[in-house]
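Before any comments, here is the structure.
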Amino acid sequence: MSHLLEIKNLDVKFDTDEGRIIAIDNVSLTLDQGKVLGIVGESGSGKSVTAKSIMQLNPGNTIYNDDAEIIIDNENVLKFTSKNDLKKIRGGKVSMIFQEPMASFAPAIKIGNQMIEQLLLHKETEKNQAKQISIDMLNRVGIADAEKRFNQYAFELSGGMRQRAMIAMALSTMPKLLLADEPTTALDVTIQAQVINLMKDIIKEYNMGVIFITHDLGVIAQVADDVAVMYLGSVVERGPVNEILKNPKHPYTRGLLNALPDINNLDAPLKPIPGNIPSPLDRPTGCVFRTRCPEPTHDCKEGNIEMGLIEVSPGHWVDKCCVNCG
Amino acid sequence: MSENIVSVNNLSVSFDYQENFLSKKQKIKAVNNINIKIKKGSFFGLVGESGSGKTTLGRAILGANKISEGNVIFHDDERDFDLTNISAKEMKEYRKKAQLIFQDPYAALSPRMTVRDIIAEPLEVMNITSSREETDQRVRDIAAKCRLNLEHLRRFPHAFSGGQRQRISIARALVSNPKFIVADESVAALDVSIQADILNLLKQLQKELNLTYLFISHDLSVVAHVCDIVAVMYLGHIVEMAPSRELFSNPKHSYTKALLSSIPSIDPENKSRAIELIGEIPSAMNPPSGCVFRTRCPNPTHDCSNGKIEMGLIEVSPNHWVDQCCVNCK
């Protein structure tokens, strides 16, 4: 069976006044239908840039490498340039949910009109039909009084409700792939729990593939089937969620897990990862994690070791430099 | 000399609200009849969803919000400050003793000032130091305590990462040698590894400088780790208050239980669903009568769903206080 999404050797660079920044370095990922791939990492690790590359939503100064491929339905969407082709992925086959729901709705257009607009663009529907689909979808995500909400503006809804409306909007075109970029980060824990449960139900019901970006490993543990851990533009470890969280091999993954306050063990000290994430302008040569690695071997300190994932157990891939580090 | 540093007695804070210039003026009670005592040297946690009144309470204790009813008393070594009727001169004195650390380290620092000037500003505004040399000395001392390099002091905030910026905000709050700090969501905007670093720093500074914290957060696992005592707020009321170990191992109020179960477990095999609270926190403009939690309570008893039960904390075990309405709800 072919994969729903296949990202091969993706490099993303940004041209800025201060120089060329490497945002993504040689990332390869796959996602099957009905599965949730979680991407975790600190801010600046390239999680969002990876997702945005799929829809080509990165800004104008972005440079993709020529041999990179992002394959959806046997088509390399990275080579799409015409408006019609892009329309097929942006909102058609792929939908995206953003972190801040207030910033992603147009403030002066009614929510209903925004929902209808995208349905008319991507699906062959009549206006009345589109309205019915939208209201059904709003009902489906648990918005009470859907017909009333349909005629309201984004500022009239609370944070949790806005995020539900955003999910309803993203799903109404029945995309094959959903990109969720920190969809629960701005919400309170109780609302976060509601939204996570809702997303789990909907993913199952529609059998779509989801890329779920978050920095919260607890959320990942609850929703994802597979996890990719990113650091400074590189995937340093990936594999099934159980394996990554219970048997992490990379010192960065272990560092993230140790830094997390554990509600079941209040005596455990909080262990931050030493040092700061380096600026992308002076990205370390060789292994990108070597400047913060707790026990770097002599070789990687010099920056002579190339990065690259090796398979340590079925489906569990770790960067070869760090597989034996502390 | 009192063992408490702050006593809050029957405190309420209301705001005036008018929908438009023709409609009637309303009062919104953001904080309702709060009684807390903060012990010297403690790490007092305040948790709750957005809109529960955590920040308003913190600001009222700092004298940054007007107090509508009740009082707040700050016990200094020599004297007490009563914040309900405090003169402008006394307020200046109080500001040296009680300071605030903000949530967003990107918004809290002026981009046009060097780090040295940012940290020195409180000293200059409060006329604490008499010469530039003395100011510089104090800035350098506190910067070193907050693990900032001397070389950092010459730079502007844009050159720093989120964690470093938060250390600058902490240094600024501590430079006037305060005794009491309100940390309002001070780690919410940070990545987990940096969050751990800042929490460790706050703990360490507490020991070195004999500080007392009021730590406001919506993240229960963070609060569980750093705080000695925790109060849970809902819609302007404290619904449960206990030493943190007691609260997290033996929560009594259904809201606390729901909050605890909402923390996503790090164990992928533990997929137990959170106790889902129906709906969202009601608007403070027309809060439910009686027990404010009854509209979202999973198992309200008949009495409280009519809104007939008054709110008020009762002590169920030593130092463990729960709202009397919900003490028996499941």
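Letters A, B, ... mirror the listed sequences (proteins, then strands); counts begin at 1. The structure displayed is predicted, hence computed values, not measured ones.
- Interface remark: of the candidates Q164(B), H218(B), R245(B), R245(B) forms the most heavy-atom pairs closer than 4.5 Å to chain A.
- Contact tally against chain B (heavy-atom pairs below 4.5 Å) for D262(A), N242(A), V241(A): the top residue is N242(A).
- Looking at N265(A), the atoms closer than 4.5 Å to chain B (heavy atoms on both sides) all sit in the backbone: N, CA, C or O.
- Cation-pi geometry between R296(B) and Y255(B) is not met: the NZ or CZ atom fails to fall both under 6.0 Å from the ring centre and inside 45° of the normal.
- For H253(B) and F293(B), the ring centers sit closer than 6.0 Å to each other.
- Heavy atoms closer than 4.5 Å to chain B are found nowhere in I220(A), neither backbone nor side chain.
- Heavy atoms of L245(A) lying under 4.5 Å from chain B belong exclusively to its side chain.
- Across all their heavy atoms, K47(A) and G41(A) have their closest contact at NZ-O, 2.9 Å.
- When each of D267(A), V223(A), L257(A) is scored by its heavy-atom pairs under 4.5 Å with chain B, the top score falls to D267(A).
- The candidate from D219(B), V223(B), I266(B) with the greatest count of non-hydrogen atom pairs under 4.5 Å with chain A is I266(B).
- Both the backbone and the side chain of Q222(A) come within contact range of chain B, judged by heavy atoms closer than 4.5 Å.
- Aromatic ring pairs are classed by plane angle as parallel below 30°, tilted from 30° to 60° and perpendicular above 60°; the pair Y252(A) and H250(A) is perpendicular.
- Note on S43(A), A224(A), G255(A), A193(A): by heavy-atom pairs under 4.5 Å with chain B, the leading option is S43(A).
- With respect to chain B, the highest number of heavy-atom pairs below 4.5 Å among P261(A), P274(A), A259(A) belongs to P261(A).
- Heavy atoms only, all atoms of each residue included: R164(A) and V141(A) are closest at NH1-O, 2.7 Å.
- With hydrogens and angles ignored, the 3.5 Å screen pairs a side-chain donor or acceptor of R162(A) with a backbone N or O of A154(A).
- Side-chain contact annotation: S42(B) with D228(B), donor-acceptor N/O pair under 3.5 Å absent.
- With salt bridges taken as basic N to acidic carboxylate O contacts below 4.0 Å, one links R292(A) and E42(A).
- No other option in D197(B), L260(B), V226(B), I194(B) has as many heavy-atom pairs under 4.5 Å with chain A as D197(B).
- For K271(A), the part sitting under 4.5 Å from any heavy atom of chain B is the backbone (N, CA, C, O) and nothing else.
- Using a 4.5 Å cut-off between heavy atoms, S265(B) touches chain A through backbone and side chain atoms alike.
- The minimum heavy-atom distance linking R294(B) with P288(B) is given by the pair NH2-CB, 3.9 Å.
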